[in-house]
Amino acid sequence: MSHISPVLWQFLVKWLTNFALFPPEASKIAPQADALYFFMVLVSLVGLTIVVLLIVGFSILYSKKRHPEAVQIEGSTLLEATWTIIPLGLFLIMFVWGALLYFRIYTPPANAMNIYVVGKQWMWKAEHPGGQHEIDSLHVPTGRAVQLTIISQDVFHSFSIPAFRVKREAIPGRYTTVWFEATTPGTYHLFCTQYCGTNHSQMIGDVVVMTPDDFRKWLQGSTSGHSLAQDGERLFASLSCNACHNTRPDARGPNLVGVYGSHLALANGQTVTVDDAYLRQAILNPSQNITQGYAPIMPTYQGQISEEGVFALVEYLKNLDSDYRIQQTLNTTVLPADSEGKAGGQTPAAAKAGGQGRGPGEVQQ
Amino acid sequence: MSDSTATANGTLAEAHHEHPPYQRHHFETVSQQFDATNFAMWLFLLTEVMFFGGLFTAYLIMRNWYYPAFVEGSHQLSIFWGTANTTVLILSSFTMAMGVWSAQMKRKGMLLFFLGLTFVLGLVFLGIKSIEWHEKWEKSHVPGLRYSGQSFLNPASDPEVYAEYHDKPLAPDMASKTEQYFFLYFAMTGMHALHMVIGIGILGFMIIRAKAGAYTSGHYTFVENFGLYWHFVDIIWIFLFPLLYLISRY
Amino acid sequence: MNEHHGQNDQEHHIVSPFIYLAILLCLLAATGLTVWASYIDLGEWHIARGVTLFWNPVVALAIACTKMILVVLFFMHVKYSPKLTKLTVISGVFIFLGLISMTLADYMSRAWGRW
Amino acid sequence: MSAATIVSLPDQATARIPKMNFLSKENGLLSWLLTGDHKRIATLYLISITFFFFIGGALAGLIRLELLTPQSDLMAADTYNKVFSMHGLIMVFFFLVPSVPATIGNFVIPMMVGAKDLALPKINLLSWYLYIVAGGMMLYTMATGGVDTGWTFTTPLSTHYLNSNVISAGLAVFVAGFSSIFTGLNFIVTIHKMRCPGMTWFRLPLFVWSNYAASILMVLGTPVLAITLVLVVLERTVHIGVFDPAMGGDPLLFQHLFWFYSHPAVYIMILPGMGVISEVVSTFSRKRVFGYTAVAFSSVAIAVFGFFVWAHHMFIMGISNYAALVFSLLTMLVAVPSAIKIFNWAFTLYNGSITFETPMLYAFGFMGLFTIGGMTGVFLGATGTDIHLTETYFIVAHFHFVMVGGMLMAFLSGVHFWWPKWTGRMYPEKISQLAALITFIGFNFTFFPQFILGTLGMPRRYAAYPPEFQALNVFSSAGATILGVGYLLPILYLTWSLKYGEIAGENPWQATGLEWQTQSPPLTENFPEIPIMDHEAYDYEWLARQQQKEVASVG
Ligand code: HEA
Ligand code: HEA
Ligand code: CUA
Ligand SMILES: [Cu+2]
């Protein structure tokens with residue numbers, strides 16, 4: 001069979017076997033998106049039918065043969081209003097419906113599990129909080145909201161999972177987010193949809209949706225040995241962030257414990273909520289937003305940390321919650337075996353952060 | 001509308017009214033011609049507004065992001081030269097308006113005088129501008145070609161400016177953003193200066209034509225329209241001056 | 001042939017040189033004013049949490065706008081021009097502001113809910 | 001009233017091409033290259049844009065050939081990227097933007113308003129020269145390796161990551177932009193200042209209205225593109241960081257500025273075509289356009305609202321959700337006037353006396369295809385569905401439906417419609433009707449499957465794609481071949497008709513526009529005498545009276 005031209009072969013076989021005219025629905029949002037899509041298709045079909053019927057009907061009724069004399073009419077305000085208001089109404093319905101969908105897709109729920117994604121020419125790299133790295137693929141469990149924090153290292157890319165009906169641009173220099181909840185296990189396409197240079201069409205991969213059990217197994221099987229936060233902690237020490245960010249009373253930098261999610265008063269009088277994007281900005285462009293009460297002395301780490309490194313730092317800072325402080329005051333010796341690697345993972349960092357610039361005795365303050 | 005009548009009328013049409021020499025054949029009256037070209041000039045100015053609009057948008061965004069860098073960048077500009085240049089340009093706008101007036105009054109001598117004055121003031125403006133640019137070059141403040149953020153990392157290394165504003169050193173990442181400021185400075189003043197150069201060129205041409213009495217016989221459309229252009233260029237500067245020079249001078 | 005406001009060019013309104021002179025003085029005065037004002041800290045206005053208005057740039061721009069209006073109305077004769085010219089100027093300003101304000105609105109509203 | 005609207009084609013056997021006309025007035029290359037005559041400039045434009053259309057079309061052929069198989073086997077990915085970039089750039093800036101306005105608009109607008117020429121003939125000529133210079137730069141770009149930015153010049157890809165000819169391509173578009181600005185400026189001035197006595201705004205043909213609206217967009221939108229491209233070029237040459245985030249710039253700023261022009265540009269590309277449809281539908285149904293005022297104002301509404309929807313190209317790019325909301329709402333508003341127009345044209349047929357010459361067939365094609373294209377635009381305008389459909393073949397299908405199915409159909413409709421006026425000769429009717437049919441069929445074959453592909457998620461600008469998308473791509477490529485034939489035919493028979501076509505006479509369609517009341521081809525000055533407009537636009541009764549008078553006077 002393969003002797004005949006590959007084109008013909010493909011045509012005959014693939015066409016017949018993959019007679020799919022619609023993508024699978026594999027996320028919770030997909031049926032909702034499709035509902036609106038089909039509504040729009042319906043409206044369009046009705047509209048198109050009306051237009052075609054009018055054209056064909058009038059063409060038959062008033063063709064020159066049948067109707068040699070045209071009757072001049074001016075127009076009709078009533079009709080004019082009809083075809084202004086009805087389409088407007090329909091369009092507005094689509095607008096509201098679409099906007100609801102949009103806000104849903106781009107507003108991750110608070111309890112979502114976060115995966116970091118970095119796009120670069122021409123591959124996708126995903127970083128799980130547990131320290132699993134993937135290239136050109138993404139493993140996610142069903143039944144759990146997954147939030148992607150996306151950034152590009154060079155040019156615009158776009159992270160697209162058609163089966164989930166979600167897509168988000170990966171922008172250089174800024175985090176974007178999107179979320180989904182997968183419903184059906186399987187392997188789905190992952191595309192880069194924003195044109196990004198020569199191998200744009202090779203920047204593809206698989207999204208593997210697994211049952212929660214399988215996913216847990218996968219996580220365990222592909223762990224790199226240390227969590228993302230632990231990587232971050234290591235970076236935090238090796239970049240000497242803790243030279244300034246420590247708990248000493250005379251620390252030159254603010255204490256970063258619990259900074260994530262807090263409202264930070266800035267020197268210019270504004271207030272910001274610290275989120276992932278803000279943390280990234282604070283590390284790479286520290287002087288753009290100066291925290292109130294501090295001097296703009298923090299050096300920029302632009303060009304010194306890869307986007308993956310920033311992810312690690314962000315993940316680390318995110319998990320520096322107030323527990324840490326308590327543990328620190330309790331003279332951190334216990335290493336709770338928290339399997340999630342959450343607060344426990346940070347404890348050594350705490351020790352280090354506290355311990356580097358000064359004697360351990362002072363930690364008690 | 002057969003052929004013969006068409007051609008007959010066609011030739012007749014030309015001879016219909018006695019047209020002044022400056023009236024183009026496709027206009028019915030001089031007034032129509034004036035209106036049309038005047039309106040065209042206004043439309044052209046609209047395109048210019050939008051052209052600068054892109055730059056202004058970029059400027060506003062960058063200024064909001066990198067305000068400290070913009071402040072210190074701005075401190076590098078000389079208020080003295082800036083104010084002087086603004087004055088020069090406003091004066092030239094005035095002389096241009098007077099030029100149009102002289103053309104309207106058909107006073108050739110005065111027209112020549114005012115056009116000449118405008119010409120000179122335009123040159124003065126460019127002269128001052130080039131002094132300023134030259135200074136930026138000396139201080140390595142020309143982004144892309146010759147740039148150093150030394151004056152912002154260590155303001156004291158720049159005694160003149162430091163004496164006046166006592167700027168605190170910028171953090172290195174913010175200091176690097178002063179390049180943004182200077183790029184916009186050069187882009188905006190450069191684009192403005194380009195318009196001045198073109199304007200001065202046309203002014204020169206107009207002076208020659210005015211000597212021949214071209215504009216003082218009642219047909220001053222060209223002078224009037226050029227005046228619009230010149231005033232427009234003035235207006236751009238009126239905005240550039242506070243935006244670029246007068247950031248946080250206190 | 002339409003919207004002609006005069007039969008011949010002599011009907012154009014001729015602005016008296018004294019008006020030009022007055023405008024010139026106003027412009028020069030405004031220039032002085034704007035330079036002077038830039039040396040004074042005019043303070044700021046906290047409109048809401050996270051939204052602050054600084055008076056200095058506002059004043060500087062207000063003066064610039066005044067100067068522009070003077071130039072447009074008198075030097076550029078718009079005050080004495082047909083409606084069409086006025087409309088042209090206004091539509092230009094409108095689109096210009098549209099470009100700037102809608103772009104900036106995007107940037108500013110990105111932080112909404114984040115302060 | 002009764003006799004008023006019967007079509008009475010003139011006796012073409014007796015008609016002759018008038019000896020004195022704009023084509024024959026002067027001879028020699030120089031008389032063309034230095035001409036101020038809007039009709040000659042329009043002719044120059046017609047020839048030049050046809051040239052570029054075929055280059056763009058050949059590139060489209062290459063695209064479709066490559067996409068026949070899932071692998072990138074015909075050409076390397078790099079080459080493919082250059083091919084579609086050049087295709088987009090040439091088709092948009094060198095074909096579609098100048099298509100109707102600079103050719104047909106240039107040719108008929110002065111006649112329609114009853115003027116001898118455009119207000120600024122020299123600027124008009126300058127506009128053509130700028131176009132040629134820009135075109136030359138584009139060809140240079142292509143000859144020296146092309147450019148692979150996509151037609152959208154996306155930063156920072158275009159400014160820092162590609163080493164193709166971005167600069168020359170950018171400057172070519174810059175120059176072409178000024179060509180388009182000058183055309184638009186000229187139209188606005190002409191329409192305001194050059195109307196003949198009695199030609200009030202509401203007596204203007206709708207073609208003039210829609211070109212007026214498009215001209216506003218050209219004049220106010222294009223300069224923003226110009227400055228944006230200047231910044232891109234500067235960023236490439238002196239490495240400034242306005243758009244490059246690594247240097248503190250903002251790539252979204254580029255998107256804002258680019259789409260501030262390029263969204264209005266899509267209306268620059270459609271409005272003049274809509275004008276053609278108004279003329280054609282009215283003429284061939286022998287009826288005044290239904291709801292003249294509504295159609296006229298809808299053009300202006302599209303132009304005004306069209307300026308404030310640009311960020312719908314950036315919905316997934318990280319603009320603020322609230323901005324997305326506003327821009328989406330405005331997008332919905334701007335879609336309504338288009339719907340109004342479609343229905344008004346449909347109702348123009350009502351109680352008419354319809355004939356089905358080629359221009360009318362193309363116009364019908366326009367109405368159907370533009371409805372599909374426009375409605376799918378609404379899919380994209382609704383933020384939620386845009387997330388799934390953006391950057392896929394759904395968009396490719398959307399814009400080919402509006403640009404090719406819409407504007408190109410309208411352009412061909414207009415070319416056929418005014419061909420007799422332009423050349424004095426008729427095109428061959430039967431074969432051209434066939435060509436219209438072929439393009440319609442070929443078009444649907446080519447682009448309808450792309451909606452399905454897009455829904456399935458096939459990304460655009462892909463040199464290679466997953467094999468399961470092949471079947472539909474093969475369909476599409478096959479359709480493109482048919483489409484190619486459909487576009488090749490007119491160029492053949494229209495050229496043929498220059499010499500062998502029947503003599504058209506003054507007003508072969510019995511149309512009412514002033515341009516039809518003068519000889520074909522017209523005099524250099526258009527009219528023997530400046531006409532006086534004493535009736536409404538599309539007043540077929542006036543036309544009939546006029547003819548009776550003429551018959552009476554001859555008899
Ligand atoms: C001629 C060109 C043209 C025209 C006229 C349009 C018209 C419209 N376009 Fe399109 N568009 C493009 C050319 C055009 N577009 C191009 C080239 C791109 C891609 C650019 C790129 O990225 O490369 C694009 C992309 C594009 C996007 C961006 C998608 C994305 O990147 O994510 C959007 C989003 O809103 C959009 C929307 C619209 C809308 C709402 C209209 C409306 O104006 C359409 C209005 C018309 C109608 C609505 C039809 C009339 C309706 C009826 C008669 C039926 C009514 C009946 C009932 C409702 C019952 N277009
Ligand atoms: C006016 C605008 C215009 C026109 C008329 C066309 C016409 C066509 N376009 Fe194009 N197209 C664009 C504007 C236009 N396009 C734009 C803006 C893009 C986006 C670019 C980007 O992403 O940056 C695009 C992108 C684009 C793509 C997507 C590429 C990709 O994303 O990977 C495709 C794919 O099918 C395509 C196909 C076609 C086809 C088949 C035609 C046909 O209609 C053309 C038919 C004409 C001919 C075929 C010419 C006549 C015949 C000959 C010259 C003989 C030779 C013929 C053959 C070899 C077949 N176009
Ligand atoms: Cu990455 Cu396309
Ligand atoms: Cu758009």
Side-chain angles (χ1 to χ4, degrees), chain C residues 1-13 46-53 57 61 64-65 68-69 71-73 76-115, chain D residues 113-115 185 188-201 203-204 216-217 219-221 223-224 227-228 250 252-261 263-264 300 303-311 314-315 317-327 330 530-533:
Chain C
M1 295 294 237
N2 300 281
E3 289 151 33
H4 288 182
H5 54 281
Q7 291 307 309
N8 59 51
D9 40 352
Q10 287 311 315
E11 271 192 28
H12 286 289
H13 188 101
H46 296 278
I47 301 169
R49 197 147 81 117
V51 187
T52 314
L53 187 71
L61 282 178
C65 287
M68 172 188 78
I69 291 169
V71 174
V72 169
L73 285 185
M76 296 171 95
H77 306 160
V78 167
K79 186 169 189 291
Y80 315 99
S81 297
K83 254 206 206 96
L84 177 63
T85 312
K86 292 183 174 125
L87 215 70
T88 312
V89 175
I90 291 170
S91 59
V93 172
F94 176 71
I95 301 287
F96 176 82
L97 290 181
L99 166 65
I100 288 187
S101 62
M102 291 194 65
T103 307
L104 288 184
D106 166 32
Y107 283 78
M108 291 189 309
S109 60
R110 278 185 212 163
W112 278 11
R114 296 220 282 117
W115 55 67
Chain D
V113 304
L185 192 149
I188 298 182
V189 177
T190 306
I191 295 166
H192 270 283
K193 298 293 181 189
M194 306 292 283
R195 281 171 286 128
C196 67
M199 182 64 85
T200 60
W201 279 92
R203 283 180 176 173
L204 286 171
I216 294 177
L217 295 169
V219 165
L220 292 172
V224 180
I227 186 68
T228 313
D250 180 18
L252 278 195
L253 173 62
F254 171 84
Q255 297 292 325
H256 273 295
L257 295 179
F258 181 82
W259 290 113
F260 182 86
Y261 164 74
H263 180 80
V300 179
V304 173
F305 283 108
F307 268 116
F308 302 108
V309 304
W310 75 84
M314 308 161 63
F315 281 157
M317 285 194 186
I319 55 167
S320 119
N321 287 355
Y322 305 94
L325 214 59
V326 172
F327 280 102
L330 288 167
I530 287 300
I532 293 171
M533 187 71 173

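In what follows, chains are A, B, ... by sequence order, proteins preceding strands, each numbered from 1.
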Minimum side-chain heavy-atom gap C:L84-D:K193 below 4.5 Å: yes

Could you tell me which portion of D:L253 (side chain, backbone, both or neither) has an atom closer than 4.5 angstrom to a non-hydrogen atom of chain C? both

Donor-acceptor pair, side chain of C:D106 and main chain of D:I319, under 3.5 angstrom: no

C:T88: what forms a side chain to side chain donor-acceptor pair (under 3.5 Å) with it, not counting sequence neighbours? none

Shorter than 4.5 Å, heavy atoms on both sides: which option in D:G221, D:S320, D:A324 has the most such pairs with chain C? D:S320

With a 4.5 angstrom heavy-atom cut-off, is it the side chain or the backbone of D:L325 that approaches chain C, or both, or neither? neither

Do the side chains of C:L99 and D:L257 get nearer than 4.5 Å, heavy atoms only? yes

Measure distances from D:V219 to the heavy atoms of chain C and classify the residue's part below 4.5 Å as side chain, backbone, both or neither. neither

Criterion side chain to side chain contact (heavy atoms under 4.5 Å, CB included) on D:H256 and C:L104, from CA distance to verdict: CA-CA 10 Å; D:H256 273 295; C:L104 288 184; over 6 Å; no

Correct closest heavy-atom pair for C:R110 and D:G318 would be NE-O, 3.6 Å

Distance alone, cut at 3.5 Å: any donor-acceptor contact between the side chains of D:D250 and C:Y107? yes

Can the ring centres of D:F308 and C:F94 be said to be less than 6.0 Å apart? yes

Close side-chain approach of C:M102 and D:F327, heavy atoms under 4.5 Å: yes

Taking all atoms of both residues into account, what is the closest heavy-atom pair of D:A323 and C:S109, and its distance? N-OG, 4.1 Å

List the steps, then state whether side chain to side chain contact (heavy atoms under 4.5 Å, CB included) holds for D:F260 with C:I95. CA-CA 11 Å; D:F260 182 86; C:I95 301 287; 3.8 Å; yes

Tell me, which pairs form a salt bridge (Lys or Arg N to Asp or Glu O under 4.0 Å) where one or both residues lie in residues 77-105 of chain C, sequence neighbours left out? none

